[in-house]
Amino acid sequence: GGADDYFGAVIAADGKIEPRDEMPEAYRKSLIRQIAQHAHSEIIGMQPEGNWISRAPSLKRKAILLAKVQDEAGHGLYLYAAAETLGVDRADLYEMLLDGRQKYSSIFNYPTLTWADVGAIGWLVDGAAIVNQVPLCRCSYGPYARAMIRVCKEESFHQRQGYEILHVLANGSPEQKAMAQDAIDRWWYPSLAMFGPPDTDSTHSAQSMAWKIKRFSNDELRQKFVDMTVQQAEVLGLSLPDPDLRLGEDGHWAYTQPDYDELFTVIKGDGPCNRQRIEHRRAAWEDGAWVREAATAYAKKREGATV
Amino acid sequence: GGADDYFGAVIAADGKIEPRDEMPEAYRKSLIRQIAQHAHSEIIGMQPEGNWISRAPSLKRKAILLAKVQDEAGHGLYLYAAAETLGVDRADLYEMLLDGRQKYSSIFNYPTLTWADVGAIGWLVDGAAIVNQVPLCRCSYGPYARAMIRVCKEESFHQRQGYEILHVLANGSPEQKAMAQDAIDRWWYPSLAMFGPPDTDSTHSAQSMAWKIKRFSNDELRQKFVDMTVQQAEVLGLSLPDPDLRLGEDGHWAYTQPDYDELFTVIKGDGPCNRQRIEHRRAAWEDGAWVREAATAYAKKREGATV
Amino acid sequence: MTTVDELLALGDDALIAAQRLAEWTTRAPELEEDVALANIALDLLGQARMLLSYAADLERAGLEGAGRDEDALAYLRGEREFRNAQLTELPRGDFADALVRMLFFAAYQRELYAELAAGPDERLAAIAGKASKEVAYHVDHAIMWTLRLGDGTDESHRRAQAAVDRLWPYTFELFEDRPHLREAWLAAVEPVLAEATLDRPEDGRFRPTGGRKGVHTEHMGYLLAEMQSLHRAHPGASW
Amino acid sequence: MTTVDELLALGDDALIAAQRLAEWTTRAPELEEDVALANIALDLLGQARMLLSYAADLERAGLEGAGRDEDALAYLRGEREFRNAQLTELPRGDFADALVRMLFFAAYQRELYAELAAGPDERLAAIAGKASKEVAYHVDHAIMWTLRLGDGTDESHRRAQAAVDRLWPYTFELFEDRPHLREAWLAAVEPVLAEATLDRPEDGRFRPTGGRKGVHTEHMGYLLAEMQSLHRAHPGASW
């Protein structure tokens, strides 16, 4: 039909699809799934770092961390708004998160055990997120692409802050340096796993590439992240926990793939913190029900009063 | 009547009234009030010290403190049992505590701000309690007198432990010594107030003396406590916060009376922690309702099964 | 001249209020409120840092050799050395507690900072001037929610009234050093309570006090234990 | 020969379980239970002290100069150095959580101590022998309450089942070093659950682990912050 023709032409011309444009149902559904998962990840991702706000070791670090976690809530808000342009409701997406019908990034199912984990999340996890997300700034769906531009800008700021935390620790007391190395040892493979299964096993990639939602394969992005990170680790004077890392003749670093069995265990809900993360969010949502009801009731009374 | 004659004769002969003996209703009521207040004091008194169990500074101190607070629960149990011999029910007494119809010792309405407060409570508060309670071991009501013998034995153990805490602090770092002095400065006058208003203002004393429930006046007991404590403070190398303390020719220490206006403010419910103490107890009671109901339901089922 | 102790009272109020408010992060009833509460906590933390840094500079000026900085003041003082009012240290409570506390505290800070901004101490006046703009937003935010909760549902009204009743006694301590500010505070707070259909409690005899002399509630020790734990576990470290 | 790390695992289990259980003091549903829970916490604390002292002695024997004592081990290690199983550090929860956790943990300790009491390490055998008598009482107490809660009211059954479901996955970690003990443990626990009309959960894929290598839940840091706060605030002090 004409709609499909228009959609196809825009995609072919690297243009933007906007909310009122007609689009294939599968494209719409695929985008909703992806944007919602992305939004959920921002919201759930507040927890592992939020765990250290009350204990941040200096007032400056406390302020930076609080601002970062606040930014994540903000990112969640933009992204839910982008999803809503596709005809869904934030409350429904929220419900799908809470009952497990929609996912969030599995990286947030690991615990933050020390302050250095806050640095490692900033450096590695935000670093991996940026590599994943920069291409999304050119994604074919306009509202998502625009949200990603803003998100990426703030994320790279967060990544630098994480790097700086580790840099200070790496140059601090022996205990601090050990703390930094320990955090990297624990977060390295989960960060690699953020790019998803190897290309040979990836289920959604081909269609997403054709629709210009996705622009690089999982393994391409993962390689980019490894190359970038190896260099930064050297500057930090900390090591990555992969004895087989070596620079190939093609200028890329060869690396050991993460344990995808473990990844699937976490994705299926059995990681260390899956239950805790959802339970925490559910408790916040349920404990706040009376507040949301009060706001609605108050707004109705005002409407009544002004009529 | 004959009953009153018997009662009067026993009292005159310094004998013991037992639960099945007839006794004047006013004697019974007065005893219930006093024993219940005493039991409530043990239970509420668990809170200020319980506040430091999780933070006790060594494992040995943690064990001693936990055992002490457990003893207080035990004292509460004996004393409620003694009150129950007078025909009241523990649950009813509990309710009267929670709704404010019965009191507990006002000393427990002050907060424990530092570890040294645990020492000061042991030394001063338990010390004052012992001075108050030793004569009660000879009280005319048998079950109360016997409960007090056991309580007093453990209390004097607790007092030594409190003294030892302060002794270690007084001989520790300058910060520790200051912490000990600060605690004594805050607990001294409230401890003096534990003996009640001056004899000139005391309402229940005369009748209690006649019934041989009480054997010394408030001011006699207070003086005894001051004389004992001044000497111990000297050994500790810590000072009592009363510039007018001086040894009189009669061998007793002259002292400044506590601020009874403040005492009455606390008695009437407006001390620093009155609301918190009752709220804490109420929460424990209400949160435990389903547990008590389960135990009752289970016991009924067993009864049914054995019939 | 402003004293170190006065600056500590101001800075500790802001610091402890920020610490409590930040506990809401990831726990707010809606995402917008997560953002708003974190934002207000950040404002308070910023005020605390400026005030404690000033206190540290002033303290250093009176000492030989090296003194303390904002982190030494925040992380290495014991409970008895903190000068905040008890209102700021009370447990997080429910959302009504959080917003009613914000109303009471921000309305106080508004009067306080307005006075300090016009005062003779230039450094303090500059801090207060900057903070005044932030606090105006805090007051607005708290008013909005007090109205919604007080005049929302039966449940929210009940909770809001309970929060007002619970917290009111702790407001007296705020005005101990500056009793003349209470009138303007009452003029701001009372109409909000009235519009929110909430009863303004009577001024009873229960007026907790002591924070300015380091006498706190039993909640304070736990707050500090958590806040200071990492810093104290690594004496002398930089972060 | 027993290693320091093995002793730390044993001692930390007892210490952290005692710390959590002691949180119930002044909060139990009835006075008798306040006494009982404090008593059990005291037993566990006593075990922890003997085990950590042994660990300290063993550690000192391998070192030049002064080593650590039980307090240095309890108060001056960081979270990553604690070797307790995660089951012991989970938050206090409700009374069903407390008693079901006690059932699972005490039944494990009973098998463990019986084995150690008959083992070749004499000092450890003596500690385990003494602890065995205590733990037998803990098991009895937990069984009594599991029956009452499971077969009490609908509400108590619901809570007890929720506690069983929540805690079961954490029991696998207890047997990582001694898998052969699980059979006897199951033989003790399963009939209790059955009599209490509680479903024995399936052995799922969620089997939290890491405690023995110092990988804990996010709850552990807060427990340690509180427990160690006073000790760390006064470096080198005696108490």
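Naming convention: chains lettered A, B, ... in sequence-line order (proteins, then strands); numbering from 1 in each chain.
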Go through the atoms of [X] and report whether side chain, backbone, both or neither lie under 4.5 Å from a heavy atom of chain D.
X        : answer
B:Leu169 : side chain
B:Arg55  : both
B:Ile43  : side chain
B:Lys300 : neither

Could you tell me whether the side chains of [X] and [Y] share a donor-acceptor contact shorter than 3.5 Å?
X        : Y        : answer
B:Thr85  : B:Tyr141 : yes
D:Gln161 : D:Asp165 : yes
B:Tyr80  : B:His40  : yes
D:His219 : D:Gln86  : no
B:Asp71  : B:His158 : yes
D:Asp34  : D:Trp24  : no

If the condition is side chain to side chain contact (heavy atoms under 4.5 Å, CB included), which residues does D:Asp71 pass it with, not counting sequence neighbours?
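Checked D:Asp71 against side chain to side chain contact (heavy atoms under 4.5 Å, CB included); matches are B:Ser58, B:Leu59, D:Asp69, D:Tyr75, D:His231.
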Can you confirm whether D:Asp154 is buried at CG, in the sense that more than 12 heavy atoms of other residues, nucleotides or ligands lie under 6.0 Å from that atom?
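It does not: D:Asp154 CG has 12 such atoms or fewer within range.
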Salt bridge or not between D:Arg20 and D:Glu89? Use side-chain N to carboxylate O under 4.0 Å.
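No, this pair does not count.
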Do any of residues 100-114 of chain B have a heavy atom less than 4.5 Å from a heavy atom of chain D, and if so, which, in residue order?
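No residue falls under the 4.5 Å cut-off.
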In residues 87-97 of chain B, which residues are in contact with chain D at a heavy-atom separation under 4.5 Å?
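The residues closer than 4.5 Å to chain D, in numerical order, are B:Arg90.
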Using heavy-atom distances under 4.5 Å, tell me whether [X] contacts chain B through its side chain, its backbone, both, or neither.
X        : result
D:Ala74  : side chain
D:Trp145 : side chain
D:Thr26  : both

Residue pair D:Glu30, B:Trp285: steps toward the side chain to side chain donor-acceptor pair (under 3.5 Å) verdict:
CA-CA 7 Å; D:Glu30 54 187 34; B:Trp285 187 245; over 6 Å; no
Identify the residue among D:Arg92, D:Arg166, D:Arg159 that makes a salt bridge (Lys or Arg N to Asp or Glu O under 4.0 Å) with D:Asp97.
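Output: one option passes, namely D:Arg166.
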Taking non-hydrogen atoms and a cut-off under 4.5 angstrom, which of residues 45-56 of chain D neighbour chain B?
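Contacts with chain B: D:Leu45, D:Arg49, D:Leu52.
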Top of D:His157, D:Glu23, D:Arg148, D:Glu33 for chain B proximity - count of heavy-atom pairs under 4.5 angstrom:
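Between D:His157, D:Glu23, D:Arg148, D:Glu33, the count favours D:Arg148.
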Top of D:Leu37, D:Asn39, D:Asp94 for chain B proximity - count of heavy-atom pairs under 4.5 angstrom:
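Of D:Leu37, D:Asn39, D:Asp94, D:Asn39 has the most heavy-atom pairs under 4.5 Å with chain B.
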Do D:His234 and B:Met179 make a side-chain contact, defined as non-hydrogen atoms from C-beta onward lying under 4.5 Å apart?
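SC-SC contact between D:His234 and B:Met179 confirmed.
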